[in-house]
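Just so we're clear, the structure is a prediction, and the values are computed from it rather than from any experiment.
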Amino acid sequence: MRHLFFTLALLLTASPSLAAIPPSRKADMVAIIPIRGPIDSITVASFRSRLAQAEAAGADAVVIELDTPGGELMATLELTNLIRSQAPANTIAWINPFAFSAGTILALSAREIITSPEATFGDAAPVTGLGPLPAAERAKIESPLLAEVTEAARRRTYDEKLVQAFVSVGIELWLLRDQKQGAVYIVDREEFQDIFGKAPDETLTSITPPPSDAPFEVHPLLTMMSEWQPSSDGPMDIDELQTRPPVRTQLSQEDAERLVPLGQVVSSDRLLTLKPWEAEAYGLSSGTVANDDELRLFLGAQHMLRIEPTWSESLVQLLMSWPVRAAFIALFVICMLVEMALPGTGWFGLGALAALVVLLGTPMLIGLASWWDVAAVAIGLVLIAVEILFIPGTIIAGMTGAVL
């Protein structure tokens with residue numbers, strides 16, 4: 001194992017100094033927007049609001065600080081669209097310390113990724129609370145995520161197969177070295193067989209974190225054979241993004257004599273999950289940043305602004321969680337049934353009204369309630385009033401109103 005890491009170390013080039021800041025990264029005013037906890041529709045509304053605050057403050061760079069276990073698929077895709085369409089070109093994902101599942105998808109949508117020293121990210125396969133998904137349903141859910149990460153790879157010249165291994169289990173990847181050109185490639189089982197005419201040797205050593213007692217300095221590892229290179233560090237044209245070819249050409253048997261297998265990147269029975277040194281080595285991360293001071297140096301920034309979620313957004317996120325909403329729905333229904341069974345007391349009616357205010361008012365606070373929500377509730381209140389005042393005991397109007 002140690003021999004493998006020393007071999008890898010010999011392949012690597014010296015890392016760039018933080019003082020040599022690329023023009024595309026250099027910023028004067030940096031806005032840090034943390035995304036913590038599960039990602040949902042409230043996260044989207046909060047991020048949109050804080051992105052507008054960053055623009056109003058004159059930020060020419062945005063750092064999305066990620067500490068999330070993942071979240072909802074549609075909310076994730078909305079956020080990636082916001083990052084691409086409304087965030088500054090200089091938008092960086094800072095994984096500090098965890099970005100699993102949806103967090104990894106968000107990180108890939110940024111212009112570049114950095115990590116904290118103890119960061120971990122990956123494991124982005126879609127899951128549900130209903131247990132294992134049949135193959136067809138899993139493929140249907142995975143499809144937009146695979147399209148998202150593949151587009152990100154082509155936009156940022158990441159290795160496509162590598163980022164797809166975040167999303168789909170069953171992808172096996174190996175690392176090959178070009179003995180003539182010094183390039184290093186990631187290939188899957190099919191491409192490996194095309195090159196060498198046989199399946200990968202199962203005894204190939206897995207590439208795992210270096211032993212703690214061996215010195216190991218992380219540097220950029222992958223050299224891509226790209227058919228396309230960006231013409232500048234400035235914003236990219238969307239039409240050019242949509243027609244961009246794969247990051248590198250497919251290798252074949254003609255390349256076999258100059259290629260040597262180094263080891264396995266990920267096996268077929270697990271999803272890809274990376275630590276900081278691996279993310280840098282595979283070309284996904286631009287560096288390790290431990291705190292705000294190091295971030296300032298990394299960007300060469302003169303001013304930094306943290307835009308945290310407001311207390312009301314945090315409260316809304318709690319009240320919009322399914323356990324809390326289920327409790328208020330149950331409270332509303334119970335209070336309405338008791339009020340209809342014992343009309344005239346008023347207290348249970350007030351309890352139902354209070355539960356209704358929380359259920360409807362919470363999403364309205366951040367603009368998540370639509371006009372039809374309000375219309376349904378208004379009609380429901382009319383039906384409940386009819387039940388109580390004009391046709392008590394029939395239940396039908398009251399129950400219909402409660403459902404609405």
Side-chain angles (χ1 to χ4, degrees), residues 34-50 52 67-79 82 101-102 126-131 133 137 141 308-404:
I35 293 180
R36 304 187 185 96
I39 293 169
D40 54 21
S41 55
I42 291 109
T43 311
V44 177
S46 173
F47 182 78
R48 182 183 287 109
S49 172
R50 288 185 285 162
D67 182 12
T68 173
E72 300 171 3
L73 173 62
M74 291 310 299
T76 303
L77 297 179
E78 282 188 68
L79 282 172
L82 278 174
S101 194
V127 296
T128 71
L130 303 177
L133 290 170
E137 283 75 3
I141 297 175
E308 298 282 352
T310 64
W311 69 268
S312 59
E313 289 170 345
S314 301
L315 177 61
V316 167
Q317 195 149 33
L318 172 64
L319 294 177
M320 286 285 288
S321 64
W322 275 111
V324 175
R325 288 184 69 78
F328 276 103
I329 290 171
L331 176 63
F332 174 77
V333 172
I334 291 170
C335 286
M336 286 308 307
L337 289 174
V338 173
E339 182 67 28
M340 285 186 287
L342 302 172
T345 61
W347 291 107
F348 291 101
L350 287 174
L353 181 61
L356 182 65
V357 168
V358 172
L359 287 169
L360 184 61
T362 298
M364 289 184 68
L365 285 174
I366 55 172
L368 291 179
S370 303
W371 66 267
W372 60 266
D373 295 310
V374 180
V377 171
I379 295 170
L381 290 174
V382 170
L383 289 175
I384 291 169
V386 169
E387 170 76 28
I388 295 173
L389 299 176
F390 301 106
I391 50 173
T394 59
I395 300 299
I396 295 176
M399 286 303 298
T400 304
V403 170
L404 288 171

Residue list, side chain to side chain contact (heavy atoms under 4.5 Å, CB included) with T43, at least two apart or on another chain |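 By the side chain to side chain contact (heavy atoms under 4.5 Å, CB included) rule, T43 matches I35, I39, D40, L79, Q317.
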Pairing residues for R48 by the salt bridge (Lys or Arg N to Asp or Glu O under 4.0 Å) criterion, not counting sequence neighbours | none
Return the set of residues passing salt bridge (Lys or Arg N to Asp or Glu O under 4.0 Å) with E72 (not counting sequence neighbours), or none when no residue passes.
->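 Applying salt bridge (Lys or Arg N to Asp or Glu O under 4.0 Å) to E72 gives none.
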Taking C-beta and beyond as the side chain, do M74 and S41 meet within less than 4.5 Å on heavy atoms?
-> no
Is there a donor-acceptor contact under 3.5 Å from the side chain of S101 to the main chain of P69?
->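 No, because the side chain of S101 does not come within donor-acceptor range (under 3.5 Å) of the backbone of P69.
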Please confirm whether the backbone N or O of P309 pairs with a side-chain atom of R36, one donor and one acceptor, at under 3.5 Å?
->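 Absent.
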If every non-hydrogen atom of T68 is compared with every non-hydrogen atom of G37, which pair is closest and at what distance?
->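 Between these two residues, the closest heavy atoms are OG1-O, 2.8 Å.
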Of all heavy-atom pairs linking A355 and L331, the shortest is CB-CD2, 4.2 Å
What residues, two or more places apart in sequence or in another chain, satisfy side-chain hydrogen bond (donor to acceptor under 3.5 Å, both in side chains) together with T400?
-> none
